[in-house]
Every structure is written in C-alpha cells, then in structure tokens.
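Letters A, B, ... are given to chains in the order of the sequence lines, protein chains preceding strands, and every chain is numbered from 1. Only this structure's heavy atoms are used, side chains among them; waters, hydrogens and symmetry mates stay out. All figures in this text were calculated on a predicted structure; none of them were measured in a lab.
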Protein chains: 2
Amino acid sequence: MAEKLKIIPLGGLNEIGKNMTAYEYGGEIIVVDCGMAFPGDDMYGIDCVIPDVTYLIKNRSRLRGLFITHGHEDHIGAIPYVLKQVNMPIYCTRFTAGLIKLKLQEHRLLDSTKLVTVEAGQTVKAGKFQVEFIHVNHSIADSVAFAIHTRMGVVVHTGDFKIDSTPIDGEVIDLARFGALGKEGVLALLADSTNVERPGYTMSERMVGKTFQRQFTGCKQRIIVTTFASNVHRIQQIIDAAAACGRKVAVTGRSMENIMKVSTELGYMKIPKGVLMDINRIKGLPPQQQVIITTGSQGEEMSALYRMAFSTHKQIDIGPQDKVIISASAIPGNEVTVGRVINELFRKGADVVYDKADMLHVSGHACQEELKIIHALTKPKFFIPLHGEQRMLQIHKRVAEAMGMDPRNICVAENGSVIELTTKHMKCEASVPAGEVFVDGSGVGEVGAVVLNDRKLLAEDGMVVVVLSMSSHDHRLLCEPEIVTRGFVYVKESEELLQELRELAMSTVDGMAARRRKDDNEVCRAVRSAVSSYLYKHTKRSPMIIPMVTKL
Amino acid sequence: MAEKLKIIPLGGLNEIGKNMTAYEYGGEIIVVDCGMAFPGDDMYGIDCVIPDVTYLIKNRSRLRGLFITHGHEDHIGAIPYVLKQVNMPIYCTRFTAGLIKLKLQEHRLLDSTKLVTVEAGQTVKAGKFQVEFIHVNHSIADSVAFAIHTRMGVVVHTGDFKIDSTPIDGEVIDLARFGALGKEGVLALLADSTNVERPGYTMSERMVGKTFQRQFTGCKQRIIVTTFASNVHRIQQIIDAAAACGRKVAVTGRSMENIMKVSTELGYMKIPKGVLMDINRIKGLPPQQQVIITTGSQGEEMSALYRMAFSTHKQIDIGPQDKVIISASAIPGNEVTVGRVINELFRKGADVVYDKADMLHVSGHACQEELKIIHALTKPKFFIPLHGEQRMLQIHKRVAEAMGMDPRNICVAENGSVIELTTKHMKCEASVPAGEVFVDGSGVGEVGAVVLNDRKLLAEDGMVVVVLSMSSHDHRLLCEPEIVTRGFVYVKESEELLQELRELAMSTVDGMAARRRKDDNEVCRAVRSAVSSYLYKHTKRSPMIIPMVTKL
C-alpha cells in the first residue's frame, strides 16, 4: 500500500480565526497553530471560540508537537485551553514564545509546558516529521512559514504572510528558500487566503511610517496614536517618528504595555534612551512634546482610547489640543464601534485622522500578486487554501487554476475534513469532529447550541415566568399565579396586562379536567400556549413563556 | 422685538436615519421629513426606531404641514406612526406620494390623510411659510430640496442630494435655482452631511449602467442582480442592459415587486414590451436569456437573495450556471451579513461579482466638492449641517469654515436643539424632548431603556429563576425551592449544579431570622445575593437571578 500523509484542518476554514491544522504521517501527528476566534454577533455572551480538539485528545499518544507560525491571537489564543486537554511540546520563534509565555503564566501552565524556541532557518525533528522554519513578513515580528518534511515529500504551510521588500526588521520573506523547495519538488502547498479578494500587492509597512512622519512634522498638538498592540514594527515607527521631532512617548492600555515589555526585553523593539516616559509624568510636558500610544484601534469598549473618548480615562482628557491618529482599519463587524469612538473624539473637539484621510494602515496579508509568487516559486502538486471564508477559499482556488493547476489537485476543505495524500493522489472523503467550542466565563464547552438559542430568544422579546402553586391532593391552584417578566414590558406601566395574564393562567388551569391537571407537563403546556397566543395577539411579540408548577 | 425663526431638528443629528426637522415662524410650524432608523446592534428585538414627536403633539394646533424630500425609509418610514399621533397634510412629489400611499394603506390611514402632490419648481403655501420644491439628484426618483420662504428670509434645506450631470431621468440638480436664491440672499443652509468624509465627487449613476453592459455582454450564464429596491434608475439600467442583449427579466422579493409596480404605474420606469416575465415562466428559457432582479443586497435574512443562497427560495436554485451581481455596498454594520450570503453563493459554485471586483455601486450623496458647490452657490448667512453622525457634522462644519464662513454662524446641533435665528444672530440654548422611540411588534414606545437593558443582560448570561413557596403563618419554606434556568447552562448536563443551588437557597432562607423572613423583598434580596455570588465564583458568569416568593 502507498504511503499516506493526512492533513486535517481543525480550524480556520470557512471562517477568519481559530487556525489549527493537524498533520498525520506514519502513525504520528503534529499540529500547526492553535488559535481562537472572536465570537460572532449571534453568539451572545461568549468570550471567545476555540477549535474542537476531540480528535487530538483521542490520539494523544501519537502527538509529537505543536508548531506555531506567529504570535497573533488567531494562531495562539487557544493554546492554554487546548494544553489543559492535551499536553504537547510547543515549538516557535523567540518573540512568539514571549507572547505564549504571558498566556501560560496567566493560566498557570508555565511549569507543565515544554516551550522550545527555534530560529528561522532551523529545522526541528518531531517524530517522523522534520519541520523547517522559514522567515516570512507579517504584521507581527518573528513570523515563519513551515516546510514540513516527511519521507513522502515536503508540504509548505505558509501561515500568515506578505511580501515586504522594505520591512522594518530588515529581512524580506525568504523567497529564495521557497524557490529552492519548489525546485526540489513540493508535494502540497497550504496558503493564507485572507487577502485573496484584493488584486495587486500589499503595501510595505514602511509606508505607514512615512505617514507618521508627515502627521508629526510641524504638529503643535499632543498626538495620540492607536494601533494593534501586537504590531511591534508599527509601534517602533511611531516611536521613531516621535523621537525625530523631539517628542516623548507614553503608553497606555494593558495589552500595549504587555507587548512593549516583551518586545523590548527580547530586543524586538529599540527605544532611544529617554524617549519613553510614564503617562503621569508626560502630562507635565507641553502638548507638542507628547505622544501617547494606546490600545483601542477597534473601538473596543473599556480599551484606553474608548475611555479617553468617553471621558473615563484616569490620565488623559481629550480636547482641541489633541490629534488622534487611528493607525488601523476596522475589522469587518467593528465598523460601528470604531465609528462611535471617532464621533466622541470629534465631539470633544479633537482632530481625528482615520482611514479615510491618509495612509494609516497596511495589511499583513498577501494580496493576489504575492500569492501568485508563492504558487509560482513552490510549484506544488496539490494545493489547499487555508485561512479564509468560503468566498476567499474559492477565489484562491480560481487563482491557482489560473496559474495552471489541475482543479482536481485543489481541495477546498471544511474544518474536520481528512485530506489524504499519496505522492500521486489526493482525496477528501472522511472527516473528524471539528467545530466551535465556546469559552464563557470559566466554562469551556459548557455553553452549547441550546443555551445560545435561549439567549437569542431572551434577547429578542424577553420572558414571562408564570408560577403556579397547586395542591398535590386535588391538583387545584392554591393561590393566584405569580407573574414576573424581564425584557418584555416595563412592569410599572403594565399592571393591567399582568393582571389579565394572571386571570388567563388561572382560568386555563381551572378549566382543565382533574386528570389532566395531575400532569405538571400538561399544565405547563396549556398555560404556555394560552399565554403565548394572548400575548402575540395583543403585542405582536413572542417572549419566552416559562410556566413553573409547585406542588404542595 | 426682532422676528424669529426657530429650527428644531427632531432626528437625523448624531445618527444616520430618522430625519425630521421642524420649522417654527410666526406661531406656525411645518415639518420636513419623517423618517425611521434601523435599530443598533444593542437594541435587542427592536423592529425600528422613530423620532420622539412630543413637541409636535403639544403644538398640534400650530402644525401647517409635513413636507417630504424623497421616498427613502429614513425620510418617510415614521409617517404612519407619527400620523397616528398628530394628523397633518403631507406635501411631496408624485413618486414619493406613490411610496407613502403604500404605507398609509398598510396602516389603514389612507382615508384620514391629506396627501398633496407637488412638482419640482412649484411653491406651496402653508400658513406663513412658502415652501418651494427644487429638483435634486439622488438614488431615488423625484427627490427635491426645499427653499422655505418666510418674511424673514429664505432657508435652503437640501434633503439628500448629489450632483449628477448625466442622471438617468434626464435632469441635473437645479443648480441655477440654488444660485439664484444665493444671489437674492439665503438666511440659512441645512445640508446633507452623509458623504462629507469623502473628498472629490460622487460618480454618476450612469457609471453603474456601463458596468451592467460590460458584465452582461457575452455572458452565457443566468444573471441574478440585487440592488436597493428603491433605486428605480438602477433597476431601469439593469432592464435596459438585459433588453440590449436579448434577455428577459423577472423580479422577486416583496419590496422590489412593490416598487416596480408603483414606478411603472406612475411612469418612472419604462419597460420595453415583452421584456418582463413571471419568475415561474422565465425558468423555461436558456440561462443566457434570463435576468432575475432580486432584493437582498444587504444580506437581509429572509430576503429573496438570502433564500436563494441558503437553498430555501421556491423558484431559484443557485449553481455554477449563475452569475450573481451585487450592485450595492454594505451599509456599515451589514458587512458580516452580506459576506455570509456571498460565501454561500460561492459554495454553490456561482460566479459572484461584488464591490471589490467592479464599479457596481455609486452613492446617492454629495461628496466634499459637491457640498462646496452648494455652499458657494447659496452663500448662506448661517449653516446647520444635517444628516450625519457627529464626525460628519464636525467635518461639514470645517468644510464650511474653509469656504470662509464665520465659525460662530455654524451650529452643530443635537436632536431637540432649538436653534433660534434672527436676520442677524443665531443662538441655540433651549431644547425640546427628542430621542428614540422604539417600535417592537405592535407596540410603539412601550419598550424603553429598562426593558432593553434587561434584554441585554439576559442575552449575555441568561437567567436563573428561584421559586420559594413559603408559609404565610411562620414564613418558613413549604418545600424545596424550584429552579429554572434559560440561556445559562444546559440543564440535562447540570443537575448537580442545580441541586447545589436549591440547597443554597434553602439554607439561605432557613438561616434568616423569622422577622426578616416575613419581608418578601428581604428574602429575595438574600437569595439573589447568595445565588449570584455562588454562580460567579463557580462559573465566572453573572446570569440574571430572579427569586420569586409565593406565600400560602
């Protein structure tokens, strides 16, 4: 029988986020990335979403390691939750390790976890796999792609990447290595599809630095800049622009402070001496000598910028002396919250510079032409588009077809698909459990579809509880039913409606034959149906009706 | 005492939607527009939002008429709700009247309402006001601005507009009239701020027609096009492009069918003979002879396109034989729902042409350069930016300042502000009630902040009801407390937790002194507090706790 390599995406397909892919060869398994996703609008109350790793738990004895491409939440955010279920060594670059450590500390997993740092260019042996780390450009430092070598051939897994010929940390993506792999022969390519809808090229991170220089030069106002905390190179450029015009820099917002600490400790950020200042001290300087770097680029409630805008930040009051620069674009779904913060900043009289006004953000993901370069260099036999919603995966497929690939050698898969490769063929017939596990408070996986659906119903029209105290002898009501509503009507204004409901519930129970009244379920059903029809007729609303029978 | 004109915006400031402005002069009042707004993400279960018209109700005897600029929902959507509270004659153009009639019919208000149609160029006398209708371009037919003449001077109220020199209905906005008014002297300008963030000019509607021609030519697939139902000119262009390449056209989706009916009856749309076909009949034709025009450009659940994408549309099955053209851009907040529909269409194998791919939509609102032209032509003494969130109003203010206006003559107001003009001065000190009235089911204004807040809490973490049956003699529990949860935990998996809660509630009540147990509120408070702390400690969640005491 021919040798087989199985590729099992456990997250990241048909979605943005919770990236995770398992590779299985010769009875052993390695995993690439372990990310979380932000909850959708309809996932009421959920904190975050992580992949279902049932398959890994079942095969724990065969796991040889977790390889991480870079330190963004959609690639590392699920690590603590997954490690609590299956322990395995983690391999990643130094900066990524710094960010993972913060998470492990928070979840008290530091001691029980083997965390191995690897440099781009090196190769790690993990069971029958050899995993080679290849430097790529992305919107966070120290990002890598993997070349996963087995005796069957090599698979290139890009992770998130772009091609930046003038990156801030000096090194362009290692295209030479991708090309060399292509010449030796690549069995399969798994590549980032996030930006495949955009033609052309992604701009260099350095362009944003030019904007900072332009915005800072000659500005007499205090400057407040918000961006993604993890974009170390962006922050470096803000600091450089500040230093160049003699401004000091203070930092606010927990995630920003954490990342600054990690990146300066590990040498990924270089801060000229004397530039950084405590936020309480910087306030003593004239406005034109201040730069504040803050979290909140997505308008997140409780972020530092949000609190500044709504006047609840302890140190910073926004006013006409401020220029606020939002160096980010709104992630789809966040447009409204970002807009809300910008409105408040304008209301306070600040100048606000945001996406419509200047080149304030560049993406970290490859556009079509960059993706084509990777396809052209690696010349894979098989191709599996990764990281993207259905439309992105399908467009990536069409891009590959336009590059000359045989459509039968491209697989648009689902989370949980088991893609089986031989050196000659690819098939995708089986599947393993894969889906969304909800994290809510301290519960992981406790809140499922039923609970979420109830939350949705409660959110729509609220609820009405009807308590029926009944005799356990003759099954008659012992007193008037009690009624409580929440999210339905304002009680003080609706006493009349409530009284009608009480009478309706009473007459419904009284009207039932004694033998039907014996059965609590029967009573609940009858009351629910009567109350529900009555309310729909009178209010055109359908609150959740919850009858409760107490037998005494 | 100097004569006064009061301008009172009742909606449309610091928001997009529910536009409504009252003008008060010589003891009489007219109102311009009467729109609704779509509920925000945090307005759980709300159907739509309308302006608070308390001020108009209080002054009903002084109302002289409601003037409507055009037939979009954010300008006419609240009419039925407001007319039920205060009746007044409505003045508008013929097409707008056609759309308003549909609403009045639905709410059975047709007989009780005086609806007067007026043509652009005409002037209506309403009490001491003379309201002149001026033709403008916009994304719906028959749109007008108003020049509101009083003895004190003239106020120009633009409504929504753009400058389209090649409009589909033949007439460019009546710039000559705006210029003539400017030469005679304009006391105040109230202008649309929707697109003020965008520099330059809005493209002509005709550009989209060119895209249709390009997309239709040589296409062998069935073509399905979605756009805003009210954009009659856009639909005309789709039909023209279809006719030009020998395709037939069918229409699906209720609002699309309604508007097509009104606009063909009134002569606002010209359909070449034999082109329109029933959707059941068109299916008999080969794909390259079919065009389907459908609702759903915002990804609305239950719209025709949504149902096609998710395979629940009765007549249309989507497949690789289809090209779907989305001729709209996502309204902020709708990006995710639109994306979801596009994903499903791709999954079915269709070609989907959407905003990132071609020139498929142009805005109906003036960009900065067009706004400047109106400012330059009207040369107003006072300026009040309308229609927009805070940032847009502020940017519009800055545009006017850059045109040379004195900042003191510009007023960025709030809904409810009373702006008082004399021929010399403007002040804005008083205010009238103005805010959001929620429509939920058949209730208008019944659902307020308390109910919405409860819905939000219920949506976050669900709720726990604890029923305590107590003796009215010695105030002791008569049986174990009953507990019901919804949206908190899945009951079948959590029997243990519920049993602990029962025991906790019991021990809490049993542990209270008899005199405290007498007081139901005291009992509820104690149980709520105990259960709430317990749950937070064990689940890190805070469901709504609802204790209910039944005394027997």
Side-chain angles (χ1 to χ4, degrees), chain A residues 14 40-41 44-45 197-198 332-333 335-336 339 342-347 352 356 389-391 394-395 440-443 446-448 450-452 454-463 465 467 469 478-479 482 484 486-490 493-494 538-541 544 546 548-552, chain B residues 14 40-41 44-45 197-198 332-333 335-336 339 342-347 352 356 389-391 393-395 440-443 446-448 450-452 454-463 465 467 469 478-479 482 484 486-490 493-494 538-541 544 546 548 550-552:
Chain A
N14 295 305
D41 274 356
Y44 293 119
E197 290 170 286
R198 301 195 202 168
E335 294 81 358
V336 175
I342 296 176
N343 284 332
E344 284 306 307
L345 295 169
F346 265 107
R347 191 189 293 273
V352 191
K356 288 186 181 73
E389 300 180 27
Q390 184 69 23
R391 63 181 185 277
Q394 293 287 356
I395 294 171
D440 184 1
S442 59
E446 275 175 16
V447 169
V450 175
V451 172
L452 270 196
D454 278 351
R455 287 184 185 172
K456 192 174 175 185
L457 292 176
L458 290 168
E460 276 295 307
D461 281 332
M463 54 103 187
V465 181
V467 175
S469 300
L478 292 169
C479 63
E482 292 273 338
V484 160
R486 287 289 187 283
F488 172 57
V489 287
Y490 188 52
E493 293 166 356
S494 311
H538 287 81
T539 67
K540 291 278 176 296
R541 277 176 263 160
M544 190 186 276
I546 308 172
M548 295 176 71
V549 173
T550 313
K551 282 274 165 75
L552 290 167
Chain B
N14 294 306
D41 273 357
Y44 293 121
E197 290 169 286
R198 302 195 202 168
E335 293 81 357
V336 175
I342 296 176
N343 284 332
E344 283 306 307
L345 295 169
F346 264 107
R347 191 190 293 273
V352 191
K356 288 186 180 74
E389 300 180 28
Q390 184 69 22
R391 63 180 187 276
L393 304 178
Q394 293 287 356
I395 294 172
D440 184 1
S442 59
E446 276 175 15
V447 168
V450 175
V451 172
L452 271 196
D454 278 351
R455 287 184 185 172
K456 195 175 172 180
L457 292 176
L458 289 168
E460 276 295 307
D461 281 333
M463 54 100 186
V465 181
V467 175
S469 300
L478 293 169
C479 61
E482 293 273 338
V484 161
R486 288 286 188 283
F488 172 57
V489 286
Y490 188 52
E493 294 166 356
S494 312
H538 287 82
T539 68
K540 291 278 176 296
R541 276 176 263 161
M544 189 186 274
I546 308 171
M548 296 175 71
T550 312
K551 281 276 164 76
L552 290 168

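Across A:D41, A:I342, A:T550, A:D461, the residue that shares the most heavy-atom pairs under 4.5 angstrom with chain B is A:D461. Your options are A:G462, A:G448, A:G441, A:G487, and the one with the most heavy-atom pairs under 4.5 Å with chain B is A:G487. Heavy-atom pairs under 4.5 Å with chain B peak, among A:A459, A:G40, A:G45, at A:A459.
Of the atoms belonging to A:E335, it is side-chain heavy atoms, and not backbone ones, that fall under 4.5 Å from chain B. For A:I546, the part lying near chain B is the side chain, with the backbone staying farther off; criterion is any non-hydrogen pair under 4.5 Å. Both the backbone and the side chain of B:V484 have a heavy atom closer than 4.5 Å to some heavy atom of chain A. When heavy atoms are compared at a cutoff of 4.5 Å, A:V336 approaches chain B solely by way of its side chain, counted from C-beta outward. Contacts of B:L478 with chain A are made by both backbone and side-chain atoms, with heavy-atom separations under 4.5 Å.
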Practice task
For side chain to side chain donor-acceptor pair (under 3.5 Å), just list the numbers for B:E389 and A:N343, CA-CA rounded to whole Å, side-chain angles, deciding distance to a tenth of an Å, and then say yes or no.
Solution key: CA-CA 7 Å; B:E389 300 180 28; A:N343 284 332; 2.6 Å; yes
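Within the 3.5 Å criterion, the main-chain N or O of A:F488 finds a donor-acceptor partner in the side chain of A:R541.
A salt bridge links A:D440 to A:R455: one of the charged nitrogens lies within less than 4.0 Å of a carboxylate oxygen.
Crowding of A:K456 atom NZ: a count of heavy atoms from other residues, nucleotides or ligands under 6.0 Å not exceeding 12.
No side-chain heavy atom of A:V549 sits less than 4.5 Å from a side-chain heavy atom of B:E482. A:R391 is listed as a side-chain neighbour of A:E197, based on a closest heavy-atom distance under 4.5 Å.
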